[in-house]
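Model, not experiment: these values are computed from the prediction.
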Amino acid sequence: MIPLALVTQPIPIFFIVLGIILLAPLLLNRLKIPHIIGMIVAGVIIGPYGFDVLSADSSFEIFGQVGLLYLMFLAGLEIDMYHLRLNLRRGMFFGLLTLFIPLILGVLSSIFFLNLDLTTSLLLGAMYAAHTLISYPVAARYGITKTPAVLISIVGTIIAVVGALLVVATAVNMKREGYFNVLAIVWLVVKMGLWIGAILYLYPRITRWFFKSYSDRVTQYVFILTLVFLAAWTAQLIGLEAVLGAFMAGLVLNRFVPMASPLMSSIEFVGNALFIPYFLIGVGMMINLRVALNPDTLGVATIMLAVALSVKWLPAMIARKVNKLSPSSLLVMFGLTTAHTAVALAVVTLGVQWGMLSTVMLNATILVILVTCAIAPIITAAGASKLKISTIDQDDLLKHTRTNNTLIAVSNPLTAGSLMELGVLMRNDRGHHNFYAIHVRNENTTAAKNLSRTSLDTAEKSAASAAVKLSEIERYDLNTVTGILNATSERDITEIILGMHRRATMIDTYMGMKVDQLLKSTNRMLIISRCYIPLNTVTRIVVSVPRDAQYETGFSRWVRAIARLTRQLGCRVIFCCHDDIQPLIRGVLYQENYGIRCEFHTITSHDDMILYSPTVLDDDLFIVISARPHSVSYTDEVTEMPSLLQRSFSRNNLIIIYPEQFGEAVPLTSFSDPMASDLSSTTSLWRSLRRKFGH
């Protein structure tokens with residue numbers, strides 16, 4: 001190829017890179033080719049081994065390294081920890097397979113086919129074992145990151161990379177010392193254990209304190225990245241790979257960055273728009289296609305490529321048969337674990353520095369990197385499309401027909417953002433969900449208009465940062481309740497979210513006159529919130545459920561809302577209720593397949609809840625399922641609940657939910673009673689009359 005004039009100025013360099021990031025997906029999507037390949041190929045074309053438009057300078061080295069760490073960080077951050085625990089054993093089994101099969105076959109092939117000694121063969125075996133999740137963005141785009149195939153592959157990647165690094169340390173130690181130094185390897189394992197323990201202990205405590213103290217999104221984003229690179233740097237200091245530190249940080253911080261949060265949207269946006277594409281382009285710039293013209297290099301590369309592909313195919317095939325997964329899962333597992341990039345290149349470069357590998361071996365490794373990086377996204381996309389289709393059954397299609405219309409009353413700019421965040425975290429991601437923010441004013445003064453505009457703008461910013469479309473309603477009406485009721489009727493609202501009332505006088509009710517009027521005037525689900533700390537710092541959710549709550553029409557709706565909130569926060573939920581309600585709650589959670597950690601504590605009377613109140617901590621979220629007067633679950637205990645909340649839970653984060661009344665009935669499913677279902681309004685009224693007047 002004829003070299004062109006090398007571009008060295010920062011502005012045209014960045015323009016060319018942005019052009020590639022923009023055009024590669026647009027062009028390759030038409031050809032149904034993963035855009036990752038376009039990034040790598042573009043890097044080859046513009047790189048020093050292509051047309052030499054750009055040089056692989058320090059900017060690509062820095063941004064490329066940041067992109068790799070960002071990729072591993074996102075992989076850890078997007079993991080569903082509940083499902084990861086369910087697939088941990090299978091992932092560890094696959095990890096051992098994808099570590100030892102490449103290691104053993106790599107050593108044997110290097111000795112018998114490439115005529116290398118044992119130390120050098122160990123180094124190549126570690127190179128075959130280590131892989132990079134370069135095609136993980138493909139799985140993320142298809143929405144299969146929570147499937148067993150992806151979770152097993154992620155766990156396997158951790159084990160394979162850690163094991164490969166230990167083997168590399170062993171090989172280098174044998175080369176330097178002339179013998180196998182057991183103490184050096186043991187010391188590395190001890191340091192790794194101490195490092196993991198320190199991150200597990202310190203990171204959650206520091207993050208929870210920081211998020212409570214600073215609510216600015218930019219500050220939180222910079223703080224998260226600081227922890228990521230601190231983990232990566234300390235991993236390097238103890239002799240591990242930086243990617244392990246970034247991945248570990250993602251796992252630990254997973255709990256504090258909900259998938260539907262504005263912070264998660266910012267993290268994904270910056271990574272997918274800039275850092276990860278920079279890394280992929282940088283990988284392409286390292287590839288020299290001219291090495292394929294060398295017969296010696298081509299012969300060695302053919303052997304290495306055959307070994308590299310086969311030793312990753314065998315573990316995926318064995319794991320698929322043992323775990324009884326689908327053929328599409330086999331393709332996904334193989335596609336995710338077959339790409340060799342930075343770790344492999346670092347291993348071979350280290351071998352060249354120590355004189356264990358020749359330049360031919362280095363060039364052959366680069367060719368292996370090119371081929372594996374090119375085919376990994378294609379294989380992953382082929383399996384991901386089939387796996388996505390297989391996971392959509394008839395029940396899923398029915399779930400997508402649901403429509404939720406949430407109305408958020410924003411009367412104060414200070415609480416508008418948190419109320420909007422609550423609504424987003426409770427969002428129905430399995431159907432259509434529309435959000436409306438309303439501010440009702442009964443004055444036409446400039447101050448009233450400014451307050452209305454500021455409140456709605458705050459809610460809009462919070463929604464936009466979470467990539468949620470919000471419709472604003474600025475209403476001039478007789479009073480707040482009338483405005484909310486009119487908007488509810490006009491837009492077919494299914495649930496209303498508003499902030500908790502503050503008592504102004506001694507004769508004022510606990511909930512306030514506005515809430516009392518809303519409860520009398522609408523049958524929609526009402527959610528009243530008072531949170532002193534950010535929701536993503538909540539450690540547990542404790543739910544108090546009254547007797548006979550299962551007979552209310554809106555029973556399934558509030559269970560689903562709490563389940564969605566729990567899944568987004570990644571915490572544990574504890575239902576305090578009677579024994580006859582527990583199987584019905586389990587039935588809803590099982591039918592919807594939310595996969596959350598839940599516990600049940602039996603509460604038989606109001607006194608039990610009083611005794612349980614000291615166990616609700618400041619970092620917990622206490623949710624009370626209340627009832628409207630004259631409803632089937634309205635009892636003396638519900639009447640006494642406001643005084644209990646004021647006396648024992650005045651400093652706790654609190655949400656009070658009034659279930660929907662006489663609305664659309666949703667069937668229930670129970671483990672113990674498969675015939676259980678919601679009762680209609682007539683049946684609910686009949687039960688209420690029976691309880692009040694006897695048989």
Side-chain angles (χ1 to χ4, degrees), residues 401-412 415-416 418-428 431-443 448 451-452 455-456 458-460 462-463 468-501 509 511-530 552-562 564-565 625-631 634 655-666 678 680-681 684:
T401 61
R402 295 176 183 159
T403 299
N404 290 61
N405 297 319
T406 299
L407 181 67
I408 303 173
V410 290
S411 59
N412 190 336
T415 59
S418 59
L419 292 176
M420 187 68 227
E421 183 180 3
L422 175 62
V424 171
L425 292 177
M426 285 185 170
R427 176 177 52 179
N428 179 18
H432 302 288
H433 204 135
N434 303 315
F435 286 95
Y436 302 90
I438 183 173
H439 182 96
V440 182
R441 55 182 174 85
N442 50 20
E443 296 179 0
L451 178 63
S452 175
S455 300
L456 292 174
T458 303
E460 172 63 27
S462 180
V468 172
K469 183 179 179 181
L470 177 67
S471 299
E472 301 177 11
I473 304 174
E474 184 178 2
R475 197 177 192 101
Y476 177 78
D477 219 317
L478 181 64
N479 53 57
T480 303
V481 175
T482 304
I484 293 176
L485 292 175
N486 290 335
T488 300
S489 301
E490 292 167 2
R491 289 160 175 84
D492 193 21
I493 299 300
T494 55
E495 55 258 344
I496 304 171
I497 299 177
L498 65 158
M500 182 165 289
H501 159 78
T509 63
M511 299 305 302
M513 293 300 297
K514 294 179 181 179
V515 174
D516 293 341
Q517 294 174 10
L518 280 175
L519 292 174
K520 295 177 182 178
S521 305
T522 180
N523 57 18
R524 302 305 184 186
M525 184 169 73
L526 201 62
I527 302 174
I528 306 167
S529 172
R530 183 197 67 197
E552 301 287 0
T553 306
F555 175 77
S556 294
R557 184 179 293 277
W558 68 255
V559 173
R560 292 197 302 268
I562 294 177
R564 292 193 293 264
L565 178 63
I625 308 301
S626 190
R628 289 173 169 83
H630 309 299
S631 63
Y634 188 79
I655 291 179
I656 301 177
I657 298 178
Y658 289 89
E660 178 186 24
Q661 292 288 324
F662 311 135
E664 178 185 358
V666 181
D678 268 343
S680 64
S681 59
S684 299

Undergrad: Would you mind reporting whether His439 and Leu451 have side-chain heavy atoms less than 4.5 Å apart?
TA: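 SC-SC contact between Leu451 and His439 confirmed.
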Undergrad: Apply the side chain to side chain contact (heavy atoms under 4.5 Å, CB included) test between Val410 and each candidate in Leu456, Thr458, Val440; give the one that qualifies.
TA: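 Passing option: Leu456.
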Undergrad: Working to the nearest 0.5 Å, report the span between CG of Leu422 and CD1 of Ile527.
TA: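 With rounding to 0.5 Å, CG (Leu422) is 6.5 Å from CD1 (Ile527).
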Undergrad: Determine, stepwise, if the pair Asp492 / Arg524 fulfils side chain to side chain contact (heavy atoms under 4.5 Å, CB included).
TA: CA-CA 10 Å; Asp492 193 21; Arg524 302 305 184 186; 3.4 Å; yes
Undergrad: Rounded to the nearest 0.5 Å, what separation is found between the CD1 atom of Ile473 and the CG atom of Leu407?
TA: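 It comes to 5.5 Å.
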Undergrad: So, do Lys514 and Thr480 sit near enough that their side-chain heavy atoms are less than 4.5 Å apart?
TA: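 Yes, side chains in contact.
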Undergrad: Given 3.5 Å as the limit, does a donor-acceptor pair link the side chain of Ser418 with the main chain of Thr415, or not?
TA: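 Here the side-chain-to-backbone pair exists.
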Undergrad: If only atom types and distance count, is the side chain of Arg628 paired as donor or acceptor with the main-chain N or O of Tyr634 below 3.5 Å?
TA: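 No; zero donor-acceptor contacts below 3.5 Å.
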Undergrad: Test Ile493 against Thr522 for side chain to side chain contact (heavy atoms under 4.5 Å, CB included), laying out the working first.
TA: CA-CA 10 Å; Ile493 299 300; Thr522 180; over 6 Å; no
Undergrad: Between the side chain of Arg441 and the main-chain N/O of Glu443, is any donor-acceptor distance below 3.5 Å?
TA: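 Judged by distance alone, yes, a pair lies under 3.5 Å.
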Undergrad: Test side chain to side chain contact (heavy atoms under 4.5 Å, CB included) on Val481 and Gln517; report intermediate values, then the result.
TA: CA-CA 7 Å; Val481 175; Gln517 294 174 10; 3.4 Å; yes
Undergrad: Ignoring hydrogens and geometry beyond distance, is a side-chain donor-acceptor pair present between Asn479 and Asn442 at under 3.5 Å?
TA: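 There is no such pair (donor and acceptor under 3.5 Å, judged by atom type) between the side chains of Asn479 and Asn442.
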Undergrad: Side-chain contact test, heavy atoms from C-beta onward, threshold under 4.5 Å: evaluate it for Glu495 versus Asn404 and give yes or no.
TA: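 They are in contact (side-chain heavy atoms under 4.5 Å apart), so the answer is yes.
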Undergrad: Got a second to check how far Ile438's CD1 is from Ile497's CD1, nearest 0.5 Å?
TA: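 One gets 13.5 Å once the value is rounded to the nearest 0.5 Å.
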Undergrad: CG of Leu485 to CG of Asp477: how many Å apart, nearest 0.5 Å?
TA: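 Result: 9.0 Å between the selected atoms.
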Undergrad: Does a side-chain heavy-atom distance below 4.5 Å link Ser471 with Asn434?
TA: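 Result no, sub-4.5 Å side-chain heavy-atom pair not found.
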Undergrad: Side chains of Ser452 and Glu474: any donor to acceptor distance under 3.5 Å?
TA: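 Looking only at side-chain atoms, Ser452 and Glu474 do form a donor-acceptor pair, the distance falling under 3.5 Å.
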Undergrad: Please find the pair of heavy atoms, one from Ala459 and one from Ala416, that lie closest to each other, and give the distance.
TA: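 Result for this residue pair: N-CB, 4.2 Å.
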Undergrad: Of all heavy-atom pairs between His433 and Thr406, which one has the smallest distance, and what is that distance?
TA: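 Taking His433 first and Thr406 second, the nearest heavy atoms are NE2-OG1, 2.6 Å.
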Undergrad: Could you tell me whether the side chain of Ile496 reaches within less than 4.5 Å of the side chain of Ile484, counting heavy atoms only?
TA: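 In short, these two side chains touch, coming nearer than 4.5 Å.
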Undergrad: Could you tell me which non-hydrogen atom of Ser626 sits nearest to which non-hydrogen atom of Tyr658, and how far apart they are?
TA: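 Where Ser626 meets Tyr658 most closely, the heavy atoms are OG-CE2, 3.3 Å.
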Undergrad: On the 0 to 90° scale, with breaks at 30° and 60°, tag the Trp558-Phe555 ring pair as parallel, tilted or perpendicular.
TA: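 If you compare the ring of Trp558 with that of Phe555, the planes turn out perpendicular.
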Undergrad: Mind listing the closest non-hydrogen atom pair of Arg475 and Glu490 along with its distance?
TA: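 Here Arg475 and Glu490 meet closest at NH2-OE2, 2.8 Å.
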Undergrad: Taking atom CD of Gln661 and atom CG of Leu519, what is their separation to the nearest 0.5 Å?
TA: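 It is 10.0 Å, given to the nearest 0.5 Å.
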Undergrad: Can you list the residues that meet the salt bridge (Lys or Arg N to Asp or Glu O under 4.0 Å) rule with Glu460, with sequence neighbours excluded?
TA: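 Partners of Glu460 under the salt bridge (Lys or Arg N to Asp or Glu O under 4.0 Å) test: none.
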Undergrad: With the side chain counted from C-beta on, respond yes when Ile656 and Met500 share a heavy-atom pair under 4.5 Å apart, and no when they do not.
TA: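 Side chain of Ile656 against side chain of Met500, heavy atoms only: contact under 4.5 Å found.
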Undergrad: Side chains of Leu526 and Leu498: closer than 4.5 Å at any heavy-atom pair?
TA: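 Yes - at least one pair of side-chain heavy atoms lies under 4.5 Å apart.
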Undergrad: How many angstroms lie between CG in Leu419 and OG in Ser411, if you round to the nearest 0.5 Å?
TA: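 If I round to the nearest 0.5 Å, the distance is 8.0 Å.
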Undergrad: Could you check Arg557 against Thr494 for side chain to side chain contact (heavy atoms under 4.5 Å, CB included), going step by step and ending with a plain yes or no?
TA: CA-CA 10 Å; Arg557 184 179 293 277; Thr494 55; 3.8 Å; yes
Undergrad: Heavy atoms only: give me the nearest Ala561-Met426 pair and the separation to one decimal.
TA: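 Distance-wise, the nearest heavy atoms are O-CG, 3.8 Å.
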